[in-house]
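We use all heavy atoms of the structure for the numbers below, so side chains are in, but hydrogens, waters and symmetry mates are not. Within every chain, numbering begins at 1; the chains are lettered A, B, ... in the order of the sequence lines, protein sequences first and strands thereafter.
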Amino acid sequence: MNIKKHELKVHNSLSGKKESFQPLNQEYVGMYVCGPTVYSDVHLGNCRTFISFDMMYRYLMYLGYKVRYVRNITDAGHLENDADEGEDKIAQKARLEQLEPMEIVQKYTVGFRKIMGEFNALPPSIEPTATGHIIEQIEMIKDIISKGLAYEANGSVYFDVPKYQSQGGNYGVLSGRNTDELFHNTRELDGQSEKQSPLDFALWKKASPSHIMRWPSPWSIGFPGWHLECSVMSSKYLGEQFDIHGGGMDLKFPHHECEIAQCQAHTNHPPVKYWLHSNMLTLNGKRMSKSTGNTVLPQELFTGENDLLVKGFDPSVVRFFMMQAHYRSVLDFSNEALLASEKGFARLMDAMEKLDSLHSSSSISELDVEGWMSRSLSAMDDDFNTPILIAELFEAVRWINSISEGKLAISKEDLVQLSSFMKDMVFFVLALKSPAKSASTDKLDSAMQLIIELRRGARIEKNWALSDQIRDHLAQEGIQLKDGPDATSWFIQ
RNA sequence: GGUCUCGUGGCCGAGUGGCUAGGCAGAGCUCUGCAAAAGCUUGUACAGCGGUUCGAAUCCGCUCGAGACCUCCA
């Protein structure tokens with residue numbers, strides 16, 4: 001195992017600062033990311049989070065770390081609201097679609113994986129499900145009760161936040177909230193009478209008669225509280241202390257705060273060294289919301305079948321677009337921004353294609369490949385700054401074009417370096433893909449070659465009327481001819 | 001109401017106490033039968049008002065505006 005020389009810094013939500021990244025176990029990294037709740041189609045915001053962490057996973061591997069990446073599937077269903085009387089979301093959806101709850105779970109799990117695959121996200125090392133870890137969750141609850149930090153009420157079990165605080169716990173470390181303020185700002189909700197304090201949260205809920213997903217426990221037939229699964233599954237697969245825990249900003253409170261409290265109560269030490277949070281995605285400047293219609297599904301984004309979109313966008317274009325913004329910044333989706341990224345992406349991919357046909361014409365380079373690689377890695381080492389990395393990649397695009405035109409000299413060694421580093425960054429770390437050519441494009445290409453050949457004949461005879469007619473007609477069909485110095489090429493607009 | 005984040009050129013989006021972000025669009029040039037495309041080059045900026053400083057867009061304060069969380073949410 002050989003970790004590349006680097007000084008990775010990550011923004012830790014616990015301190016609110018960038019910290020030097022030092023894994024607990026040398027070259028091994030444990031990373032846990034809160035996965036999706038599979039009761040409906042993944043929404044684009046989820047995708048951004050998972051794509052951000054996929055990029056980090058890839059970069060850590062690129063650096064030489066051996067990473068175990070765990071991302072859960074929440075399939076046990078959460079309460080519809082915090083009134084404790086809500087219906088299990090998955091059960092509710094099951095009734096709506098007349099399907100078994102696990103059928104719903106399966107359907108949306110498959111859909112989720114398909115979409116993430118299209119975004120070229122690597123599957124996690126382990127993708128555990130909440131329903132597969134009911135026993136472990138019950139065991140953790142038992143332990144927390146035995147430590148006096150949880151109590152049973154009416155078949156449900158709650159975490160005792162005030163007691164946790166009195167015993168030196170720090171509920172609020174992550175989100176920067178203090179419990180007194182929280183207490184005063186918590187709304188009084190019906191059905192909270194079981195709780196001793198409004199800040200307490202459920203570890204186990206007794207199931208109402210209408211609740212379909214249910215399991216036996218020492219306290220009642222019921223289901224686990226929604227914060228518990230992450231504590232249980234992360235500690236099971238990564239240990240009681242691990243390096244990175246990620247998720248969207250909106251999970252910081254209360255979800256991640258509760259996770260910390262549960263683990264602290266259970267093991268008496270903090271579970272996670274670095275908490276990383278990715279920021280939200282907005283659509284046309286506003287939060288995505290199904291109720292206002294301001295929402296786009298990933299699939300719609302690919303096909304363009306949504307009134308808010310002028311056209312569909314390749315998943316790699318979308319990924320590139322996301323990588324052009326830093327993961328901790330709010331990113332706004334709009335047609336204009338996507339269109340601009342699409343053009344930039346095409347230019348980058350064009351240069352990538354030229355890479356293999358480049359040759360060294362000199363023993364001396366007119367450019368500083370070493371310095372460029374080092375700047376690129378510094379950008380990534382600075383809390384995964386992909387926008388800066390991309391800016392550097394475009395510097396290389398200029399070089400590649402100039403070398404290709406014979407206007408810039410590069411040594412053989414530098415060319416090898418440039419080429420392999422570009423490929424590592426573009427295809428592996430950023431995980432962008434050139435739009436694949438299909439069988440039908442191959443056939444079209446052979447037909448186009450014929451047309452181009454015939455038109456070439458017309459041009460040799462200076463029959464401009466005919467050659468322009470061919471070109472204009474194809475242009476109307478959306479096929480653009482490019483007359484280069486040596487040959488004519490084509491592409492679909 | 002409470003906690004927090006942000007406000008950059010026509011658009012998107014980095015960064016920083018003094019030194020080019022980058023992409024898209026625009027402009028100029030090259031290539032071309034003419035175009036288109038492509039390539040090369042290139043201008044415009046840091047919400048407002050105060051303060052700290054030799055120097056701030058970058059630090060501090062206030063104002064205005066936007067967003068997140070506080071309730072399921074990546």
Side-chain angles (χ1 to χ4, degrees), chain A residues 16 33-37 39-40 42-53 71 74 77-83 86 89 172 175-178 180-182 184-187 189 226 246-255 257 277-282 285-290 320-321 323-326 328-348 350-351 375 379 382 385-395 397-398 400-402 404-405 407-408 459 462-464 467-468 471-472 475 480-485 488-491 493:
Chain A
V33 173
C34 290
T37 302
Y39 61 80
S40 64
V42 230
H43 107 150
L44 215 46
N46 287 257
C47 295
R48 153 118 111 146
T49 296
F50 302 137
I51 288 169
S52 294
F53 285 99
R71 187 182 64 207
T74 297
H78 296 325
L79 291 176
E80 189 70 299
N81 56 51
D82 204 31
K89 273 185 179 174
S175 55
R177 287 157 213 266
N178 79 60
D180 292 339
E181 274 172 12
L182 281 171
H184 293 299
N185 286 314
T186 303
R187 282 192 283 167
L189 294 167
W226 66 284
M249 287 281 196
D250 49 351
L251 292 185
K252 215 167 169 182
F253 186 88
H255 186 59
E257 201 69 72
H277 289 97
S278 64
N279 218 135
M280 302 292 105
L281 189 69
T282 56
K286 289 178 196 144
R287 181 172 169 70
M288 282 199 203
S289 159
K290 282 179 190 166
F320 176 72
F321 172 72
M323 291 291 121
Q324 275 187 305
H326 188 91
R328 282 192 298 111
S329 298
V330 175
L331 176 63
D332 186 51
F333 250 72
S334 65
N335 280 302
E336 293 72 25
L338 249 2
L339 252 11
S341 279
E342 188 173 48
K343 289 187 184 171
F345 175 75
R347 200 156 81 87
L348 178 62
D350 210 43
R375 286 195 306 278
D382 185 16
N385 199 321
T386 52
I388 296 276
L389 170 65
I390 289 173
E392 293 295 345
L393 296 182
F394 274 102
E395 173 74 17
V397 167
R398 257 191 299 280
I400 291 166
N401 288 324
S402 296
S404 168
E405 289 175 12
K407 291 177 182 166
L408 189 67
R459 294 179 72 209
K462 297 200 189 298
N463 185 349
W464 307 129
S467 77
D468 287 358
R471 181 220 286 155
D472 295 346
Q480 181 73 56
L481 291 183
K482 292 160 75 171
D483 290 330
T488 298
S489 58
W490 66 278
F491 68 97
Q493 285 177 315

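Note on G35(A): only backbone sugar-phosphate atoms sit closer than 4.0 angstrom, heavy atoms only; bases stay farther off. Among the protein residues, G45(A) comes within range of the nucleic acid bases, having at least one heavy atom under 4.0 Å from a base atom. Counting non-hydrogen atoms under 4.0 angstrom, L281(A) reaches a base of the nucleic acid.
The side chain of H326(A) lies closest to A14(B), out of C69(B), A14(B), C12(B). Nearest to the side-chain atoms of A325(A) among the listed nucleotides C40(B), A14(B), A74(B) stands A14(B). Among the nucleotides C70(B), A21(B), G33(B), the one closest to the side chain of P254(A) is C70(B). Of all nucleotides listed (A74(B), G13(B), G22(B)), G22(B) comes nearest to the side chain of A391(A). The side chain of D468(A) approaches C34(B) more closely than any other nucleotide in the set G23(B), G13(B), C34(B). Comparing atom distances between the R471(A) side chain and each of G13(B), G23(B), C34(B) picks out C34(B) as nearest. Listed nucleotides: C69(B), C72(B), A14(B). Nearest to the side chain of N385(A): A14(B). For W464(A), the listed nucleotide lying nearest its side chain is G33(B); candidates were G13(B), A74(B), G33(B). Between A74(B), G33(B), G23(B), one nucleotide has an atom nearer to the side chain of R459(A) than all others, and that is G33(B). Side-chain atoms of E336(A) lie closest to C11(B) of the nucleotides C11(B), G13(B), A74(B).
When each of F345(A) and L331(A) is assigned the nucleotide of RNA chain B bearing its nearest heavy atom, the one mapping closer to the 5' terminus is L331(A). Along RNA chain B, the nucleotide closest to P387(A) and the one closest to L44(A) are compared, and the more 5′ of them pairs with P387(A).
For G172(A) against E257(A), the heavy-atom pair with the smallest separation is N-OE2, 2.9 Å.
Relative orientation of the F333(A) and F321(A) rings is perpendicular, given thresholds of 30° and 60° on the angle between their planes.
No N or O donor and acceptor, one from the side chain of H277(A) and one from the base of A74(B), sit under 3.5 Å apart. The base of G39(B) does not come close enough to the side chain of S404(A) for any donor and acceptor atom to sit less than 3.5 Å apart.
Nucleotide U32(B) forms no Watson-Crick or G-U wobble pair with any nucleotide shown, as no partner meets the under 3.5 Å limit on both distances. Of the nucleotides present, G61(B) is the one that pairs with C49(B) by Watson-Crick or G-U wobble criteria, both distances under 3.5 Å. Pair assignment for G10(B): C24(B), on the basis of Watson-Crick or G-U wobble contacts that are both within less than 3.5 Å. Across every strand in view, G43(B) sits unpaired, with no contact that passes the Watson-Crick or G-U test at under 3.5 angstrom. Searching all strands for a Watson-Crick or G-U wobble partner of A56(B) with both distances below 3.5 Å returns nothing. Nucleotide C69(B) forms a Watson-Crick or G-U wobble pair with G2(B), both donor-acceptor distances falling under 3.5 Å. For G17(B), there is no paired nucleotide, since no Watson-Crick or G-U wobble pair has both relevant distances below 3.5 Å.
Atom CZ of F394(A) is separated from atom P of G22(B) by 11 Å (rounded to the nearest Å). Nucleotide C12(B) holds its C1' atom 7 Å from the CZ atom of F321(A), rounded to whole Å. Distance E392(A) CD to G23(B) P: 11 Å, rounded to the nearest Å. Whole-Å rounding puts the D332(A) CG to A14(B) C1' distance at 17 Å. Rounded to an integer number of Å, the gap from CZ of R328(A) to P of A14(B) is 11 Å.
A cation-pi arrangement is absent between R71(A) and F53(A) under the rule of less than 6.0 angstrom and at most 45 degrees off the ring axis.
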Verdict with supporting geometry, Q324(A) and T386(A), side-chain hydrogen bond (donor to acceptor under 3.5 Å, both in side chains): CA-CA 6 Å; Q324(A) 275 187 305; T386(A) 52; over 6 Å; no

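At a cut-off of 3.5 Å, with distance as the only test, no side-chain donor of S329(A) or N279(A) sits close to an acceptor on the other residue.
One finds a salt bridge joining R471(A) and D468(A) here, because a Lys/Arg side-chain nitrogen approaches an Asp/Glu carboxylate oxygen to under 4.0 Å.
Between N279(A) and A68(B), a side-chain N or O to OP1/OP2 separation shorter than 4.0 Å is absent. A sub-4.0 Å separation between OP1 or OP2 of C40(B) and a side-chain N or O of N401(A) is present. Taking 4.0 angstrom as the limit, S329(A) places a side-chain polar atom (N or O) nearer than this to OP1 or OP2 of A14(B). Phosphate contact (OP1/OP2 of G23(B), side-chain N/O of R398(A), threshold under 4.0 Å): present. Side-chain N/O atoms of K343(A) include one lying less than 4.0 angstrom from OP1 or OP2 on A25(B). Between R347(A) and the phosphate of C24(B), there is a side-chain N or O to OP1/OP2 separation shorter than 4.0 Å.
Remark: the separation of the C1' atoms in G18(B) and A57(B) is 12 Å, to the nearest Å. Using atom P as the reference point in both G17(B) and C6(B), the two lie 14 Å apart (nearest Å).
Considering only heavy atoms from C-beta on, T74(A) stays 4.5 Å or farther from Y39(A) through its side chain.
Once rounded to the nearest 0.5 Å, the distance linking CE of M323(A) with OG of S52(A) reads 5.0 Å.
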